[in-house]
Amino acid sequence: MSEPLPPQELSKQATTAYNDGEYAIAAGLFAQAAESHARLGNDLDAVEMQNNQSVALLQAGDAANALAVVRGTSALFKDAGDIRRAGFALGNEAAALQALERFDEALTLYHQSADLLEQAGEDQMRATVMHSISALQLKTGKYIDAVASMQNGLAGVEKPSIKQKLMKALLRFRP
């Protein structure tokens, strides 16, 4: 019987599978990495792997399992004082809820995610979350809210990308 692979190796293989578009395989490998980290007592690393698994499941089209895997992980990060990863986890949970068309719940968690990412100084990631909020607001007919969310998200970006600079300029000249 062979030795189980260390969690770092499983994570590396999962990332490779994910980057190759093999999302279901990546999800399985991230799950194994989470279990391996948990066995070693690396609880936060295990929870991070669960979040990665959730993202892979979502990309594989399995939103229900993506939600099941990520549900509650943000609280574990918050309890550990890691608001950055708590913000990412809330964003992952919101994305799964959005895919399940549970839009009101998704918006609530996206806003919580954006708040935590702002506290953590993650301006680019916060802008991405605010973009998700804006897109979801557009989808649900909340047009004015969508514009405000996009402006809010871009306002906090210290070094905007070219796309973000263009969006800022377009929003300044809206009718």
Side-chain angles (χ1 to χ4, degrees), residues 1-136 149 153 156-157:
M1 190 165 166
S2 64
E3 285 285 315
L5 291 174
Q8 295 82 0
E9 181 59 31
L10 289 165
S11 176
K12 182 178 176 185
Q13 289 179 9
T15 301
T16 299
Y18 184 90
N19 290 336
D20 289 344
E22 299 289 339
Y23 302 120
I25 292 169
L29 290 167
F30 281 128
Q32 290 176 39
E35 291 169 12
S36 184
H37 274 300
R39 275 194 305 275
L40 295 172
N42 304 331
D43 296 334
L44 291 181
D45 291 332
V47 174
E48 184 170 354
M49 291 300 108
Q50 285 178 260
N51 272 268
N52 293 344
Q53 178 189 4
S54 176
V55 171
L57 285 167
L58 195 55
Q59 289 297 315
D62 190 353
N65 280 324
L67 179 60
V69 168
V70 76
R71 180 74 84 183
T73 60
S74 63
L76 298 171
F77 286 128
K78 280 185 200 172
D79 290 347
D82 191 337
I83 60 170
R84 178 181 167 273
R85 289 196 287 185
F88 287 128
L90 283 168
N92 292 337
E93 190 173 343
L97 287 165
Q98 181 176 351
L100 292 168
E101 297 186 0
R102 293 166 59 180
F103 300 137
D104 290 338
E105 292 172 84
L107 279 171
T108 297
L109 294 186
Y110 275 137
H111 280 290
Q112 292 174 14
S113 171
D115 290 346
L116 290 177
L117 292 169
E118 182 176 32
Q119 289 174 38
E122 288 284 341
D123 65 331
Q124 287 292 341
M125 195 59 204
R126 180 181 180 276
T128 299
V129 170
M130 293 304 295
H131 178 79
S132 295
I133 290 170
S134 180
L136 187 50
S149 293
V157 179

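Position 1 is the first residue of the sequence, and the numbers go up from there.
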Under the criterion side-chain contact (heavy atoms from CB on, under 4.5 Å), I'd like the reasoning laid out for Leu116 against Lys78: C-alpha separation, chi angles, the key distance, then a yes or no.
CA-CA 10 Å; Leu116 290 177; Lys78 280 185 200 172; 3.6 Å; yes

Check step by step if side chain to side chain donor-acceptor pair (under 3.5 Å) holds for Asn92 and Ser54.
CA-CA 7 Å; Asn92 292 337; Ser54 176; 5.7 Å; no

Beyond-backbone contact of Pro7 with Asp45, side-chain heavy atoms, under 4.5 angstrom:
no

Student check: side-chain heavy atoms of Arg126 and Val129 closer than 4.5 Å
no

Shortest non-hydrogen contact from Ala46 to Ala38?
CB-N, 3.8 Å

Measure across Tyr110 and Gly91 and return the closest heavy-atom pair with its distance rounded to 0.1 Å.
CE2-O, 3.9 Å

Find the distance between OH (Tyr18) and CG (Leu29) and round it off to the nearest 0.5 Å.
14.0 Å

How long is the span from the CD atom in Gln119 to the CD1 atom in Ile83, to the nearest 0.5 Å?
4.5 Å

Could you please spell out the steps behind the side-chain contact (heavy atoms from CB on, under 4.5 Å) verdict for Asp115 and Gln112?
CA-CA 5 Å; Asp115 290 346; Gln112 292 174 14; 5.5 Å; no

Report the residues that fulfil side-chain hydrogen bond (donor to acceptor under 3.5 Å, both in side chains) with Gln13, sequence neighbours left out, ordered by chain and then residue number.
Glu9

How close do Phe77 and Ala89 get, heavy atom to heavy atom, and via which atoms?
CD1-CB, 4.1 Å

Short side-chain to backbone donor-acceptor contact, Ser113 and Leu109, under 3.5 Å
no

Arg102 and Leu67, any side-chain heavy atoms less than 4.5 Å apart:
yes

For Leu76 against Leu44, the heavy-atom pair lying closest together:
O-CD2, 4.0 Å

Search all heavy atoms of Ala26 against all heavy atoms of Ala14 and return the closest pair with its distance.
CB-O, 3.4 Å

How close do Ala63 and Ala99 get, counting heavy atoms only, and between which atoms?
CB-CB, 3.6 Å

Spell out, as yes or no, whether a donor-acceptor pair under 3.5 Å connects the side chain of Thr15 to the backbone of Ser11.
yes

Roughly how far, to the nearest 0.5 Å, is the CE atom of Met49 from the CD atom of Gln8?
9.0 Å

To the nearest 0.5 angstrom, please state how far the CD atom of Glu93 sits from the CD atom of Glu105.
9.0 Å

Is there side-chain contact between Gln98 and Phe103, with heavy atoms separated by less than 4.5 Å?
yes

Which distance, rounded to the nearest 0.5 Å, do you find between the CZ of Phe88 and the OG1 of Thr128?
9.0 Å

CD on Gln53 to OG1 on Thr73, rounded to 0.5 Å:
11.0 Å

